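Indexing begins at 1, ligand by ligand and atom by atom, following the structure's order. Keep in mind the model is a prediction, meaning the values are calculated, not measured.
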Amino acid sequence: MREGTHMREGDHMSEATGTPRTIAGRMDATGLKVAIVASRFNEFIVDRLIGGAMDYLRRHGMDPGAATVIRVPGAFEMPLVCQRVAASKKYDGIVALGAVIRGETPHFDYVSAEAAKGLAHVMLATGVPLGFGLLTCDSLEQAIERAGAKAGNKGVDAAAAMLETLRVLEQV
Ligand code: INI
C-alpha cells in the first residue's frame, strides 16, 4: 500500500503480515479454447500477428487444436464477429487481430475508432476477455515493426493480455 493511503472496511489485508492480498493472473493457457478473430485486410501483417498469438498461447500450454482462427474482411467487421463469438460461449477468450494503416483520406480514423470502440464494447457487454491486437499505424513500415520486427509482435501482447485478464477474472 502506498504511503498516505488508508485501509477501509472491506479492504483485503492479511492480518498476519500486514501485506496486501494480491490477485494476479496465472499465465497458463492449458485447457483453454481461444478464438482468434483476424482481418484479411493487410493480410501480410495480420498473418504475422496470428503467428505471434498462436506461438505465445502454445508456449503457455494451449493445445493449438483448441484455437479457432476466424477471418473477417476488415477491422470494421471485427466487433460484430467478436460479439457473436463471445455470445456463443464456446470460447474462454478472444484475440482480435488486425492492422489499420493510414492513407490519404480520413477513412483510417473512422475504421480504427469504430473498431476499437466496438471491441471494447464487446468485452464489457459479454464479459468475455478480449485481447486487443489492432495495429493503428501511419505507415506499412510501422506495422511491420509491430508484427514481429523491432517493436515486437502485437499479436503476442494481445494473447498475453487476454490470458492474464482471463485468469484474473477467475479470481475476482
Ligand atoms: N480495414 C482494415 O482492417 N485495415 C485498413 O487499413 C483499412 N483501410 O485502410 O481501409 C480497412 N478498411 C476496410 C474496412 O475495415 C471494412 O472492411 C470496409 O470498409 C467494408 O466494410
Test item: E77 side-chain N/O and G74 main-chain N/O as donor-acceptor pair under 3.5 Å: yes
Side-chain donor/acceptor of H121 to backbone N/O of K117, under 3.5 Å: no
E43 with R40: basic N within carboxylate O range, under 4.0 Å: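 No.
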Salt bridge present between D63 and K33 (N-O < 4.0 angstrom):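 Answer for the salt bridge query: no.
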Axial cation check for F44 ring with R48, 6.0 Å and 45° limits: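 Here R48 passes the 6.0 Å and 45° test against F44.
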Close side-chain approach of V128 to M123, heavy-atom, < 4.5 Å: no
Measure from every N or O atom of ligand 1 to the protein's N or O atoms and keep only the pairs below 3.5 Å, writing each with atom names and distance to 0.1 Å.
from: ligand 1; atom 1: 3 (O); to: A75; atom 2: N; distance (Å): 2.8
from: ligand 1; atom 1: 4 (N); to: A99; atom 2: O; distance (Å): 2.8
from: ligand 1; atom 1: 6 (O); to: N42; atom 2: ND2; distance (Å): 3.3
from: ligand 1; atom 1: 6 (O); to: I101; atom 2: N; distance (Å): 3.0
from: ligand 1; atom 1: 10 (O); to: H107; atom 2: NE2; distance (Å): 3.3
from: ligand 1; atom 1: 15 (O); to: A75; atom 2: N; distance (Å): 3.2
from: ligand 1; atom 1: 15 (O); to: F76; atom 2: N; distance (Å): 3.1
from: ligand 1; atom 1: 17 (O); to: E77; atom 2: OE1; distance (Å): 2.6
from: ligand 1; atom 1: 17 (O); to: E77; atom 2: OE2; distance (Å): 3.4
from: ligand 1; atom 1: 21 (O); to: E77; atom 2: OE2; distance (Å): 2.5

